[in-house]
Amino acid sequence: MGLRERLVRFAAERPRSFVVATPGGAGARLVVEEELRRRGWRAVASPVGADVLVVCGEPGAELAQAIEVVWADVPGPRARVQVAAGVRREAVARALDGAAAELADVPRQWADAAERVAAGPWTPDDSGDEMSGHGGGHGGHEQGGHAAHGDMGGDGDGGHEHHMGAPGGVAMAERADDRDGLKLDVLHVPLGPVLSDWPAGLRVSLTLQGDVVQDAEVGVLGGAGDGVVEWGGLAVAHLDSIGRLLAVAGWAAAAERARILRDDVRAGVDRRVEVERFARQVGRSRTLRWMIRGLGVIDRAAVERYGLTGVAARYPGDVADRLAGRFVEARKALGGGADVELDDPAALLRVLPSLLVGAELAAARLIVASLDPDLAREPVHG
Amino acid sequence: MRTVVFWVLALAAVGFGVAVFRVDSMARATFALLASFLCVGGTMVLLDLHYLGVLVVLMMIMEMMVMAVFMIMYMMNPAGLMPMSMLHNRRGALIISGAVLVALVAGVWTVDWPERAGRPPGDPTRALGEAVMGAQMPVMIVVGVAILATMVSAVVLATDRGRYDGGDR
Amino acid sequence: MTLQAFLTLAAALFAVGLYGALSQQSIVMLMMGLELMINAVLVAGAAFWFYLAPASADGQVLVLVAVTVMALEMAMGFAVVTALMRARDVDVTDDAGDLKG
Amino acid sequence: MLPWSIGVVWFNAMEVVAWVSVWMVGWGTNSAFPLVGGYRFLAQGLAYELPHMFALITVALGAESLDFGEIARAQDGLWFVVWMPVAFLVYLLSVLAMAFWGPFGHPVGHDLAGGAVLELAGPDRLVFEAGRYALLVVASAAAVPLFLGGGAGPLLPGWAWALVKTYLVLALLVWVRHRLPVIRMDRFMTAAWVVLIPATLVQMLVVGIVVLG
């Protein structure tokens, strides 16, 4: 085997994978995440830095289109894995091995690359309709891209390969009243359905000034599955939400620990003592409390007005209160407590815009992660 | 050798200076100005003013980054798309600045400058430090008060309520 | 690398800055012209110190003050532009000429 | 000809160049998230720069010189880390913030799917990450002459001690990487300007008195 094959095989041994979840595919996502950790493969946050695109569950029509655009963003050599909703660990293992083999298959990757070169560089007008709604990786490229903070694509900025000659062809950033009395550029950025640690199938199109949210409009991209998700217990769902919130807060070590505990509990191992200690450790972190205090406050009146149920209702307050609430609920669920009323996703989606307006982009992500609506239970529409 | 370096830096500084008003993107104008300042900082290092040269480099990079923020924020019309400067005052400006240039250069080359008084000290930075802390102390006090006054007035002028919710807390 | 050469560089920078300040519509670009002119003062100050009076550090203090003035000018300029934007939503010099006689 | 007599100012000037490069990466890729990431690094720069400068000035005041060699030699009696703890802590914080590493990794944050580096792939990402690691290594290496007495130490020769100390500082900074949640600048800025700057000023006052006394 020549040096080149050996090098290619070595490079393809530990590819970076970008996991995409569809509303019905949460169960599959858990299995995939556990399998990736077992193999030591890194899950990355953006398709541009990924080699393998793993799609969990069957996406609906629009979500599939969004995934197509994200798939076009994955640089070669690249491989794609489609995992069904109710998948078993062995099937996932086989699929990932297939992906690694595909990455090491040089002729096939050359063919794929040649075909992409033939398709020519990306230009805005052929990039599909407005509803492409693809995810964070490519978020601002369509609408926001050209109005990148008032500085026109036309004047050639860095790596953009095509030049917008005629000014008419460029969507100029329209200006709107700022919260501060100024009239500044407005940027439309979708926190798209395809984004890491983001509720599957949710699409929040934000109107940004700077990185402050002026206006938020929530949409749901349905999954094609039957919509029922077997989490394997309420504690697993809560630990998963905690893990995603901690990942969005940037605390990778704690997020990883939450996910390990989640997988152990899902496998039936008794982890009550560890969850107890983990809850205390996260509770003690002053930096975390300093960062998430006072964000997305839901008071009693908001609970009634939007008909909220579940964690958001039982633990009114800010993101920190909801995080603490989730820990309490997870411990209760582990102790075999009575099953409590779940959060109603539709109500969460109704309350979201009012929480996001005025928040910064990072705060908006934290607020959504703290609510973490599970859209699989949402009656699929649109 | 120093002369060659000087002329390279000088031409670069003036070239970037002209580019500031030639280029059509706000970010490029800012970075052209930054490049011009870096060249000036370089010339000052040539004059053995190491401390002041590097200080100019340090200060100007930070200033130009903040300026880039404001340039892009306030340049509502994208310079590339809608030409900004009207023609008539461009020609007038050209004439005035040309006249000023000719006058200055004439002055530079005709006046016979006095001979140098004294030798440059071994370490100009130490000399600057002692002067600023000693004889020139009033200058530093005035500059300090001016900075404070600017900070206060800039904040008063600029902030109305603050675009972040926390502004009014 | 004589005094005349440095002063010619300073004169050139000053002229470019003056041209920019006079010809540009936008206040922000006008301020960049002013910055270039102060840049010229920097070069002139350093040259005078080195070629005429290196013994005392007064020339260096002048350069230090020039750098500070440049920072203050920029800060005040942007504060004025922000206030102007909030009051009148304009940043072009023509519409802000109320004080003109 | 080279400005070695003012090593500290040169070191500070070269750090600030990172502001330009990260902002350009964020702005150049013409995509919304990297743009926000680029602007986040500017906010971070404004937050960490003043405390960082005061920490460096404190060290220069203690050694009465701006030259790294002088500073290292001035510590032969007592290392600066011993009697300038606040300056050392602020310096470590600013090294993290300078290389946007660990808790200060908001410009390339996970919540923006990678922030400034989101659109970088292949060689671009390699060059960007290499520059970032290099910045971290150089800044932690600079901590050795500034605070840890340069090559001073028993048994081992000077250069060996410098390497060992640099390695220790670097290990500490790398260890912190995932240990803390990301610190957002809208909340850290007030803390930096209200707490860190006065702290470094008090530290400078103490050092000034000791140097004069």
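Counting only residues at least two apart or on different chains, no ring pair (Phe, Tyr, Trp, His ring centres under 6.0 Å) pair has a member in residues 189-213 of chain D. Sequence neighbours left out, the pairs with a member in residues 72-91 of chain D that pass salt bridge (charged side-chain N to carboxylate O under 4.0 Å, His left out) are D/Glu70-D/Arg73.
Annotation: side chain of D/Met53 is in contact with side chain of B/Leu58 (closest heavy-atom distance under 4.5 Å).
Here D/Asn12 contributes atom CG and B/Met62 contributes atom CE; the two are 6.5 Å apart, rounded to the nearest 0.5 Å. Taking CE of B/Met65 as the start and CG of D/Leu42 as the end, the distance is 4.5 Å to the nearest 0.5 Å.
The ring of D/Trp10 has its center no closer than 6.0 angstrom to the ring center of B/Tyr51.
Counting heavy-atom pairs closer than 4.5 Å to chain D, the top-ranked of the candidates B/Leu34, B/Ile61, B/Val66 is B/Ile61.
Only the side chain of D/Glu49 comes within less than 4.5 Å of a heavy atom in chain B; its backbone stays farther off.
Near-neighbour residues of residues 14-22 of chain B relative to chain D, defined by a heavy atom under 4.5 Å from a heavy atom of that chain, are none.
Looking at residues two or more places apart in sequence or on another chain, you find no salt bridge (Lys or Arg N to Asp or Glu O under 4.0 Å) involving D/Arg177.
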